[in-house]
There are 2 protein chains.
Amino acid sequence: MFPHCAGKSFRKYQNQKKMSTLPDKTVERLSQYRRNLLICDAKGKEHIFSHEIANIHHITPVQVRRDIMLIGYTGTLRKGYNVKELVALIGEILDKPEGQNVAIIGAGNLGRALMKYFKNRREKLSVVAAFDNNPEKIGIIYANVEVFPINQLKQIIIDKKISIAIISVPVDEAATITNALVDAGIQGILNFSPRPVNVPEHIYLEEYDMITSLEKVAYFAKNKN
Amino acid sequence: MFPHCAGKSFRKYQNQKKMSTLPDKTVERLSQYRRNLLICDAKGKEHIFSHEIANIHHITPVQVRRDIMLIGYTGTLRKGYNVKELVALIGEILDKPEGQNVAIIGAGNLGRALMKYFKNRREKLSVVAAFDNNPEKIGIIYANVEVFPINQLKQIIIDKKISIAIISVPVDEAATITNALVDAGIQGILNFSPRPVNVPEHIYLEEYDMITSLEKVAYFAKNKN
DNA sequence: TTATCTTTGTTTTTTTAATAACAACATAAA
DNA sequence: TTTATGTTGTTATTAAAAAAACAAAGATAA
């Protein structure tokens with residue numbers, strides 16, 4: 001085509017591999033790399049070495065280079081990686097071009113913390129609704145997010161094209177809420193309630209249990225030295 | 001020059017060597033088993049099979065049996081595991097006999113959610129103080145936990161024999177707080193702020209980043225087929 | 001020029017975690 | 001009694017993740 005123009009950026013995309021095979025842990029790290037790369041970028045840093053990224057995240061430079069290799073990006077010898085380019089490529093991998101909408105179920109302390117947390121965080125990932133069964137909370141707007149009653153769950157999920165839900169309800173309600181979310185056609189669930197929930201095979205489920213994390217810290221802290 | 005970004009020099013990569021023979025993931029699962037075993041016990045169930053535990057946690061019975069083997073417990077053929085005995089043994093493994101005290105740093109929405117979450121949850125793991133730098137919050141008691149000013153951090157950690165801290169402060173304060181915690185002689189830290197913090201080798205650090213979890217769900221939800 | 005140093009990109013090896021396989025054995029049924 | 005069934009405990013195998021090893025190449029200095 002334009003062989004004389006086929007420089008580095010051309011090669012970059014030749015190396016690109018199928019992204020559907022990206023390992024779990026690599027996806028997690030890419031998300032974290034991006035967040036800190038954006039801070040570096042905001043401070044005017046143009047290039048970054050693998051060992052700098054590694055230091056921020058307490059991992060080895062090899063791990064960083066391997067992750068970056070997996071998404072097919074190529075840095076410059078002696079200069080490292082171009083921060084803006086790397087951020088853009090991670091975005092191509094992680095984000096859906098048309099964006100994804102998120103609902104938070106349960107507007108208690110955890111739910112409100114999540115709303116504040118995610119406010120304006122990602123352009124392609126927006127919290128567009130919250131749900132609660134406490135009548136006093138209905139209609140209130142936290143961090144730009146309106147709280148709706150749970151009986152409108154399905155309708156609003158469909159209307160607002162919500163594909164991802166975060167469960168932050170008391171543990172006894174988690175199972176019922178999950179069924180409602182499945183029924184409403186949700187595609188991914190992040191469950192913060194401490195009891196595991198059941199979803200059909202086609203829905204992606206991620207569970208995180210704070211109590212377990214604390215007990216794990218307690219165990220390893222007591223067994224150190 | 002770029003104070004946030006990592007320096008150029010290589011630093012020693014801390015090789016988190018485990019002092020215990022129990023695998024990381026097994027510790028996590030034991031914590032979860034116990035929680036659900038306690039519910040079973042409360043319902044009067046005396047024995048439980050590995051496949052029942054497995055169903056609750058969406059894992060295989062083999063995994064359950066293997067974990068239980070690792071802590072040296074033995075069930076009964078045809079009857080399964082004695083619930084009370086298993087709970088007691090997991091307690092011996094995970095808990096410190098004299099108990100461990102916990103502080104929550106940051107009494108915002110997340111901090112308050114954590115206080116409610118952990119209230120009366122474990123006999124051997126008690127949240128005994130919270131800290132915040134907002135004068136209006138000082139002295140307030142959430143979920144039985146008093147909020148102290150951050151400048152009393154070290155004194156109260158020592159006085160109340162606190163060995164574990166949960167960081168739930170805004171991201172920019174996390175590094176300072178971490179240094180204060182290290183200085184106060186903390187043994188384990190659970191960091192919920194989205195930026196990794198640095199601690200010396202002898203302190204156990206666990207980090208959890210909600211934004212990463214959400215982006216991971218978004219990635220795998222969009223790539224599911 | 002040549003040698004040296006630094007950093008990337010990729011392959012190989014090691015470690016950790018999960019799954020599969022199966023012997024042993026208690027109980028129930030034939 | 002003998003056979004079938006279901007469950008545990010353990011070993012063997014596979015898969016996933018991390019770390020190590022090292023070639024290649026650009027920059028710098030002698």
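Each chain gets a letter, A, B and so on, in the order its sequence line appears, and its residues count up from 1.
Taking a cutoff of 4.0 Å between a charged side-chain nitrogen and a carboxylate oxygen, A/D95 and A/R34 qualify as a salt bridge. Classification of B/D209 and A/R35 as a salt-bridged pair holds, one side-chain N sitting under 4.0 Å from a carboxylate O. The existence of a salt bridge linking A/D24 and A/R29 is excluded, since no basic side-chain nitrogen approaches an acidic carboxylate oxygen closer than 4.0 Å.
What separates CE of A/M69 from P of D/dA18 is a distance of 14 Å, to the nearest Å. The separation between B/H47 atom NE2 and C/dA26 atom P is 15 Å, rounded to whole Å. B/L70 places its CG atom 10 Å from the P atom of D/dT10, with the value rounded to the nearest Å. Rounded to an integer number of Å, the gap from A/R78 CZ to D/dA27 C1' is 5 Å. One can place CG of B/D24 at 10 Å from C1' of C/dA17, the figure rounded to the nearest angstrom. As a whole-Å value, the separation of A/L30 CG from D/dA17 P is 13 Å. Distance CD1 (B/I71) to P (D/dT10): 13 Å, rounded to an integer number of Å. As a whole-Å value, the separation of B/K79 NZ from C/dT27 P is 9 Å.
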> Could you write nucleotides 18-24 of chain C as a row of B, S and -, 5' to 3', where a protein heavy atom under 4.0 Å of any base atom gives B, of only sugar-phosphate atoms gives S, and otherwise -?
Replying inline: SBBB---
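Residue A/T74 places at least one side-chain N or O closer than 4.0 Å to OP1 or OP2 of C/dG9.
A/H57 and A/Y33 have their aromatic ring centers within a separation under 6.0 angstrom.
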Taking distance alone, no hydrogens or angles, what donor-acceptor pairs closer than 3.5 Å link side-chain atoms of residues 170-177 of chain B to residues at least two apart or in another chain?
{"unit_1": "B/E173", "atom_1": "OE1", "unit_2": "B/N133", "atom_2": "ND2", "d": "3.4"}

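For A/S213, the side-chain contact (heavy atoms from CB on, under 4.5 Å) test picks out A/Y208, B/L190, B/E206, with sequence neighbours left out. Applying the side-chain contact (heavy atoms from CB on, under 4.5 Å) test to B/L89 and every residue at least two apart in sequence or in another chain returns B/I71, B/Y73, B/E92.
Sorted by first and then second residue, the pairs that involve residues 112-130 of chain B and meet side-chain hydrogen bond (donor to acceptor under 3.5 Å, both in side chains), not counting sequence neighbours, are A/E215-B/R122, B/N109-B/R112.
Listed in residue order, the members of residues 48-57 of chain B having a heavy atom less than 4.0 Å from DNA chain D are B/F49, B/S50, B/H51.
If you take CG on A/D67 and CD1 on A/I53, they are separated by 9.5 Å, rounding to the nearest 0.5 Å.
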